[in-house]
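In what follows, every heavy atom counts, from backbone to side chain, and hydrogens, waters and symmetry copies are set aside. Chain letters run A, B, ... following the sequence lines, proteins first and then strands; every chain starts at 1.
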Number of protein chains: 4
Amino acid sequence: MGAVKTKRMPRAVREQQMLDAAVRIFGQRGYMAASMDEIAELAGVSKPLVYLYLNSKEDLFTACIRREAGALVEAVRAGVRRDLPADRQLWEGLGAFFTHTGENPDAWSVLHLQARTHGEPFASEVAAMREEIVAFVTQLILAGAREAHRDPDLPEREVAGLAEALVGAAESLAAWANATPGVTARQAAATLMNFAWAGLGDLMAGRPWAPEEEQPGPHTG
Amino acid sequence: MGAVKTKRMPRAVREQQMLDAAVRIFGQRGYMAASMDEIAELAGVSKPLVYLYLNSKEDLFTACIRREAGALVEAVRAGVRRDLPADRQLWEGLGAFFTHTGENPDAWSVLHLQARTHGEPFASEVAAMREEIVAFVTQLILAGAREAHRDPDLPEREVAGLAEALVGAAESLAAWANATPGVTARQAAATLMNFAWAGLGDLMAGRPWAPEEEQPGPHTG
Amino acid sequence: MGAVKTKRMPRAVREQQMLDAAVRIFGQRGYMAASMDEIAELAGVSKPLVYLYLNSKEDLFTACIRREAGALVEAVRAGVRRDLPADRQLWEGLGAFFTHTGENPDAWSVLHLQARTHGEPFASEVAAMREEIVAFVTQLILAGAREAHRDPDLPEREVAGLAEALVGAAESLAAWANATPGVTARQAAATLMNFAWAGLGDLMAGRPWAPEEEQPGPHTG
Amino acid sequence: MGAVKTKRMPRAVREQQMLDAAVRIFGQRGYMAASMDEIAELAGVSKPLVYLYLNSKEDLFTACIRREAGALVEAVRAGVRRDLPADRQLWEGLGAFFTHTGENPDAWSVLHLQARTHGEPFASEVAAMREEIVAFVTQLILAGAREAHRDPDLPEREVAGLAEALVGAAESLAAWANATPGVTARQAAATLMNFAWAGLGDLMAGRPWAPEEEQPGPHTG
DNA sequence: TATGAATGAGTCTTCATTCAT
DNA sequence: AATGAATGAAGACTCATTCAT
């Protein structure tokens, strides 16, 4: 079940094998429940070698987070053509996101669940990645507004909230798509575009929803 | 710091004290890092008593999840007047949701982070609550469509995905609102209504977003 | 070989058993080579109980040092009658010292060898005891000078050096007496009194020191 | 910080580098806490090379003890002119001893603390050196008695005890001199000569020992 | 002569859990 | 109703030591 036990490999290769194993175990068992023993065994090496190369459980976990965060951001970046209109960029980005998370469920579990649940060295590590994505989405929202020839009078915090909501919805749909058989990445992306972009379109057209009787300002109550 | 050490209390009261302590410790430390020692100390009782009443760490955690899931659902239910239009119901429900999670961060951490991160006995426990909420939201979406005099030709899975996305966005915004100083429950709810309902409105009016060249059907590719 | 395995004893008693075992193991194996497993086994308890009561290997070692340092100082103090002349006080103190170290070789190993060899938390712990003894000896030297009706023109550092040398010689003789069969505490004390109080020069000139009333042979009892 | 990493040196040289590093690490960390890794690194070689040349940690430590014991004995021997009277020989020997230990604190730590604290292969190794020194001192005492025209009616064991005490005092003063700023090797030697040769009694009577040319007191002739 | 790669064995420490009262 | 005393089992981490080149 573990990697084929080939002896004497160069360090760089072994390190990747260890990270592969660690992502799998961390993703499935959780950070605390994962044991270094199990990781070493799955990697096909002895425990001391894991410590020699990766230093400690914390460092190993951090290395996993970094590698997988980088891979996810890279996958999304590679899936987006920057010369398209904002909505198309978002659509492509979401597709790449759902594809990558669908193909790497353990990595996604590490980033989305484990890293955020286990406090400070890790939370900020993944928060950096998330902020990068939120910033990207924020830019797309503003670009979309510009493209719709609407001066974005959306206040900054409002846009931040919208981006946050969109990213949160995407994260949530990733789990749902993985868990629901027959839902493809494309379908998940389409669902979210319907939900998000059509809504944003209305906002940009100056037609926000508001609770009726309560004197709504344009965007907040 | 722990509960006042009063001896000889009725069982029901002691159990609640223990659950209070457990929710706090689980919420702050995480399921695995929480120790029964610390919980017992914070509850002001001896460890054997915790075991006498709650059986095991797993059972204790499950009891926490059940109690807090019930409390959250109840808070949302109590905040919604069922005779209002769908959008108003959603608005009220979101307000109640953000208020409750904001006031009970440890409980929310238990439900949103800890329970989902630690595998099977627990994940399905909280999934049940989540499905209840998703079902409620699904009803509201269908009701909204009906109210808009649109026969809901939205396919069932599509609606499920939309509800899922909405709930996911709400969960995400709850964390964001808690972490961003100066964002109230009302504001979070307003942001999400703008994002979601306005978008849904367009969907209901038959104007879904679609990637241009790919001739999508009205809701999915 | 270990303590009789009696179950359920009050904490204070168990702690002493643990310290007994620890002193023995630490004294024989050395601090680092001693294993908590072995100590627990010799004490007749499980390892977690040792940690519950004594916290850590470091704390356990410190507790050993404190207990045995206290016991040694107490033994010396109890062996000295303060109303005698300085040389008699020194004689009695040395006798008590050699008796105690001879009867508790593991404790002496802990204090003299182990504690000083393993760095800072421990070295200063035993240094405090040693300073107490050096101060006592310093007082005796000054008192002896006074009794000899000589204004002690010995400079302070000189006296400190003499006391240091005397204590060092005593420590060294303790090991020698333990290792040389047939050397009693009295004999070790007599040898050291001759050496220190009379001096080699006087010895060679046939003028050994002797406790007054006890009719000693020229060099040893 | 380690030795300059020059490749391909003759074995003898490399071995000395390794012993240098080992003495330093053993002296500072202690035998058990010293790691072969650290020693190899400080020596500027790979760990397998250390094993190739020195076999094992035990053998390496033994080699350190032997080298440093030899060096210390040699230093003392070289510092003593055998044609002088006994007290002068002792005075010179002590001076050489304090000088050498002061200049090689790690080596002295290895010999005095580490070797004796870690049981059997090592304790007897250093005991051999110590016996050599004790025998030398014993001879000086007997010679001194002869020079004083006293037939030494000192029984053999008594003389052994005196020599033991003198050496123990010297060892103790070595640590004291190293730790007390401003105390030179000469001063330490003088203090000890006063203590040992003159004796406290004489000191109190105002009859200190002194090397001849330097205001000789009544006991050296 | 010299080393990068690798490990078996053992250490300290913690935790959920139970027994006897 | 409640607890002081006690433990089996397991986990992170380190080290002396060797193999293959």
Side-chain angles (χ1 to χ4, degrees), chain A residues 5-11 13-15 32-40 44-60, chain B residues 5-11 13-14 32-40 44-60, chain C residues 5-11 13-14 32-40 44-60, chain D residues 5 7-11 13-14 32-40 44-60:
Chain A
K5 202 162 189 172
T6 316
K7 297 242 163 175
R8 304 260 146 194
M9 340 224 338
R11 171 168 181 155
V13 177
R14 270 278 137 91
E15 272 189 15
M32 298 235 62
S35 96
M36 294 298 274
D37 266 301
E38 200 180 2
I39 290 171
V45 296
S46 69
K47 221 184 339 169
L49 201 59
V50 178
Y51 278 89
L52 190 62
Y53 286 175
L54 275 315
N55 270 329
S56 71
K57 196 182 185 183
E58 265 197 45
D59 284 6
L60 173 56
Chain B
K5 207 163 190 171
T6 317
K7 300 241 162 175
R8 305 264 149 191
M9 333 227 338
R11 169 162 183 159
V13 177
R14 271 275 139 93
M32 297 240 62
S35 92
M36 295 297 274
D37 265 298
E38 203 181 357
I39 291 171
V45 297
S46 72
K47 236 187 323 175
L49 198 60
V50 178
Y51 278 87
L52 188 62
Y53 285 177
L54 274 318
N55 260 329
S56 73
K57 196 184 187 183
E58 269 199 38
D59 285 5
L60 173 58
Chain C
K5 203 164 189 172
T6 317
K7 297 240 164 175
R8 304 259 147 193
M9 341 225 336
R11 171 167 181 157
V13 176
R14 269 278 136 91
M32 298 235 63
S35 97
M36 295 298 274
D37 265 302
E38 201 180 0
I39 290 171
V45 297
S46 71
K47 223 183 337 168
L49 200 59
V50 179
Y51 277 88
L52 189 61
Y53 287 176
L54 275 315
N55 270 329
S56 72
K57 194 181 187 184
E58 265 198 45
D59 283 7
L60 173 56
Chain D
K5 207 164 190 172
K7 299 242 163 176
R8 305 263 150 192
M9 332 226 339
R11 170 161 182 158
V13 178
R14 270 276 138 92
M32 297 240 62
S35 92
M36 295 298 274
D37 266 296
E38 203 180 358
I39 291 170
V45 298
S46 71
K47 235 185 325 173
L49 199 59
V50 178
Y51 278 87
L52 189 61
Y53 285 178
L54 276 314
N55 259 330
S56 73
K57 196 185 187 184
E58 269 199 38
D59 285 5
L60 173 57

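Terminal axes of the helix from E:dA2-F:dT21 to E:dT21-F:dA2 (five pairs each, C1' rotation axis) are separated by 30°, to the nearest 10°.
The separation between A:L49 atom CG and F:dT14 atom P is 14 Å, rounded to whole Å. The OH atom of C:Y53 sits 18 Å away from the P atom of E:dT13 (whole-angstrom rounding). Computed from coordinates, the C:D59 CG to E:dT13 C1' distance equals 13 Å when rounded to whole Å.
Not counting sequence neighbours, the partners of A:N55 by the side-chain contact (heavy atoms from CB on, under 4.5 Å) test are A:D59. For A:K57, the side-chain contact (heavy atoms from CB on, under 4.5 Å) partners at least two apart in sequence or on another chain are A:F26, A:Y31, A:M36.
Within 4.0 Å of C:R11, counting heavy atoms only, lie sugar-phosphate atoms of the nucleic acid but no base atom.
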Q.
Does the protein touch nucleotides 14-21 of chain E at the base, only the backbone, or not at all? Give it as B, S and - per nucleotide, heavy atoms under 4.0 Å.
A. BBSBBBS-
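Closest approach of B:A40 to B:S46, counting heavy atoms only: CB-C, 4.2 Å.
Here the CD1 atom belonging to A:I39 is positioned 11.0 Å from the NZ atom belonging to A:K47, to the nearest 0.5 angstrom. Rounding to the nearest 0.5 angstrom, the gap separating the CG atom in C:L54 from the CZ atom in C:R14 is 13.0 Å.
Distances shown here put a side-chain N or O of B:R14 below 4.0 Å from the OP1 or OP2 atom of F:dA2.
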